[in-house]
Protein chains: 4
Amino acid sequence: MFFQIDPRSNTPLYEQIIQQVKEMCMKGVLKPDEKLPSVRELSAQMVINPNTVSKAYQELERQGIIHTLRGRGTFISQDVPTYSDPRRIQEMKQSLKQMIVDARYAGLSKQEILTWLEEFYEEMEGNSDEGPASLKDHS
Amino acid sequence: MFFQIDPRSNTPLYEQIIQQVKEMCMKGVLKPDEKLPSVRELSAQMVINPNTVSKAYQELERQGIIHTLRGRGTFISQDVPTYSDPRRIQEMKQSLKQMIVDARYAGLSKQEILTWLEEFYEEMEGNSDEGPASLKDHS
Amino acid sequence: MFFQIDPRSNTPLYEQIIQQVKEMCMKGVLKPDEKLPSVRELSAQMVINPNTVSKAYQELERQGIIHTLRGRGTFISQDVPTYSDPRRIQEMKQSLKQMIVDARYAGLSKQEILTWLEEFYEEMEGNSDEGPASLKDHS
Amino acid sequence: MFFQIDPRSNTPLYEQIIQQVKEMCMKGVLKPDEKLPSVRELSAQMVINPNTVSKAYQELERQGIIHTLRGRGTFISQDVPTYSDPRRIQEMKQSLKQMIVDARYAGLSKQEILTWLEEFYEEMEGNSDEGPASLKDHS
DNA sequence: GTGGTCTAGACCACT
DNA sequence: GTGGTCTAGACCACC
């Protein structure tokens, strides 16, 4: 399992870790009950501060994506609840809108954006409307 | 012309202003050569510090979206060059990918995302592949 | 006599006028005792505020480049003294140095800069070491 | 590494910092990946406000000259792209032309200007036509 | 009137 | 520790 981190990016390191774990789960690279590297392992491998990895793991646990078994390590969870805070949904819409605005200023056509989107969905498991089976709808 | 700012958002105030101006340009709410409110005016209207507005305006000018006439004010530019830095394009793709991942964790279907996307493109001028006429392709 | 002004430039309008007058003198486009347009004429022609033109003329007069005959108008002076304030010389060196630094960051070679320099000197009168005859050395 | 600032100059403090950093990079005084003094450090050393230093650093980062690692500091970039906006090139030409005009009014000969120019190029790395190796041509 | 610069001082997020 | 953001208030040049 390899993480690709860009230390120069404006998105925080711990955030990049979170995003990559979530993305790998969606792509099926990480499967339920699979063990994640320890904080120390990962921080050594990525040459970053252990606190940064720790912060990422804590946030992932808070979101229910992963869970830790004392003395055994941290693992990918099954049955991740779909939590849909309306505030977060609004943020997503905003993010998409902004992305489109920027894309247009960059000269990218709607078709190009749609192509990207299709690519991403194809990369992910259960590329139907439903998402992966491990997602359990609690709404 | 009204700006809607969320002071509790994690995105900086000046960034929100930038985004709104760009969006209004794309929607045709702001037209080329139209005058923007003065720094003092807008800061008073939004109840924020003039420096914050100024910073937003300067960044917009740097991006070629607006320009200032000394002692007269700031205006929307015509012929905005489509500036496509490969690094920025990568950021956009990343932003889109992340948005999709988050959407799936929120239980949103691909179809819902596509609906949002269509909405946004319809709101904007020249909602075909080409973008508004004021965008001048320099590639 | 035509002035080319860029209202979007970051150099002040009155400064641009000053520069152009000086340049025209150097090129011989404006000759000693030649009459300049009145403030009102020039401001109307350039579609700018008369105060701006007035400010430029005042500064040019202060530098001895032009002089006004009451009721007759303003004229190019003969015998412009070469005033060489060490502080201004330092500014020129600084300006040249900065220009070279920026040119290198823009990928321009030394040879290209030298070509520009030769062009400019050829455009001017008395392109020898001495400058135009109207320059009277008072040092 | 020492910065020399003239608080009485008409060029802004933050601009002077920018110019000095660029110049030091060109002279090889600052090398790729070298750490710059922190904002607080430099502001204390120069006895100016931290915000002023910060503004300079941000502009330098925008130009690709430096980059920041979150929580670690700011560093000189390698592989600075040669960014040649035609508008900026025009400004450089204008700056050179104006400098020459002023020099002639100050009684300086073409030969003196050429001597300055040679000096500056000799001070810089790779004083041939090519510029320093760290400049990466993207044209 | 306009925007641009600078200061002083505060708060925050990230490493 | 680092840089980033924001505020309040001042001064300046330009038009």
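Residue numbers begin at 1 in each chain, while the letters A, B, ... track the order of the sequences. Excluded from the calculations below are hydrogen atoms, water molecules and symmetry mates; all remaining heavy atoms, backbone and side chain alike, are included.
- Glu34(D) places a side-chain N or O within donor-acceptor distance of the main-chain N or O of Lys31(D), the cut-off being under 3.5 Å.
- Candidate nucleotides dG4(F), dG3(E), dT15(E) were compared by shortest atom distance to the side chain of Ser54(D), and dG4(F) ranks first.
- Listed nucleotides: dC14(E), dT2(E), dC15(F). Nearest to the side chain of Thr52(C): dC15(F).
- With DNA chain F read from its 5' end, the first of the two nearest nucleotides for Leu69(B) and Pro50(B) is the one closest to Pro50(B).
- Of the candidates dC15(F), dT7(F), dG4(E), dT7(F) carries the atom nearest the Asn49(B) side chain, counting heavy atoms from C-beta on.
- Atom CD of Glu61(B) is separated from atom P of dT5(E) by 10 Å (rounded to the nearest Å).
- Distances were taken from every side-chain heavy atom of Val39(B) (C-beta onward) to each of dC15(F), dT5(E), dG3(E); the shortest belongs to dG3(E).
- Comparing dA8(E), dG4(F), dG4(E) by their closest approach to the side chain of Thr68(D) singles out dG4(F).
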Any chance you could lay out the side chain to side chain contact (heavy atoms under 4.5 Å, CB included) test for Tyr57(B) and Thr68(B), step after step, and finish with the verdict? CA-CA 9 Å; Tyr57(B) 277 16; Thr68(B) 83; over 6 Å; no
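- We find that CD1 of Ile48(C) is positioned 8 Å from P of dC15(F), with the value rounded to whole Å.
- Side-chain N/O atoms of Lys55(C) include one lying less than 4.0 angstrom from OP1 or OP2 on dC14(F).
- With hydrogens and angles left out, the side chain of Arg72(D) and the base of dG1(F) share no donor-acceptor pair within 3.5 Å.
- Rounded to a whole Å, the CD atom of Glu15(A) is 8 Å from the P atom of dC14(E).
- Distance NE2 (His67(D)) to P (dT2(F)): 17 Å, rounded to an integer number of Å.
- Between the P atom of dG4(E) and the CD atom of Gln16(D) lies a distance of 19 Å, rounded to the nearest Å.
- At whole-Å resolution of the value, CD1 in Ile17(A) and C1' in dT15(E) are 11 Å apart.
- Ion pair Glu59(D)/Lys55(D) not flagged as a salt bridge, since none of the NZ, NE, NH1 or NH2 atoms sits closer than 4.0 Å to an Asp/Glu carboxylate oxygen.
- Residue side chain Arg40(B) does not reach the base of dG1(E) through any donor-acceptor N/O pair under 3.5 Å, judged by distance alone.
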For Gln20(A) and Ile17(A), run side chain to side chain contact (heavy atoms under 4.5 Å, CB included): C-alpha distance rounded to whole Å, both residues' side-chain angles, the deciding distance at 0.1 Å, then the answer. CA-CA 5 Å; Gln20(A) 295 227 352; Ile17(A) 298 175; 5.9 Å; no
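- Across all strands shown, dG1(F) pairs with dC14(E); the Watson-Crick or G-U wobble distances both stay below 3.5 Å.
- Without hydrogens or angle criteria, Glu41(A) side chain to Ser38(A) main chain gives a donor-acceptor distance under 3.5 Å.
- Among the atoms of the strands shown, only primed sugar atoms or phosphate atoms (P, OP1, OP2) are found under 4.0 Å from some heavy atom of Leu13(D).
- Applying the 4.0 Å criterion to OP1 and OP2 of dT15(E), one finds that Tyr14(A) has every side-chain N and O outside that range.
- Arg8(B) places its CZ atom 15 Å from the P atom of dC12(E), with the value rounded to the nearest Å.
- Taking atom CG on Asn10(A) and atom C1' on dC12(E), their separation rounds to 17 Å, with Å as the unit.
- Side-chain proximity of Gln58(B) to dG3(F), dT7(E), dG4(E): nearest is dG4(E).
- Evaluation of atom-type donor-acceptor distances gives no pair under 3.5 Å for the side chain of Asn51(D) against the base of dG4(F).
- Just one of Met26(D), Gln19(D), Arg88(D), Glu91(D) meets the side chain to side chain contact (heavy atoms under 4.5 Å, CB included) condition when paired with Asp102(C); it is Arg88(D).
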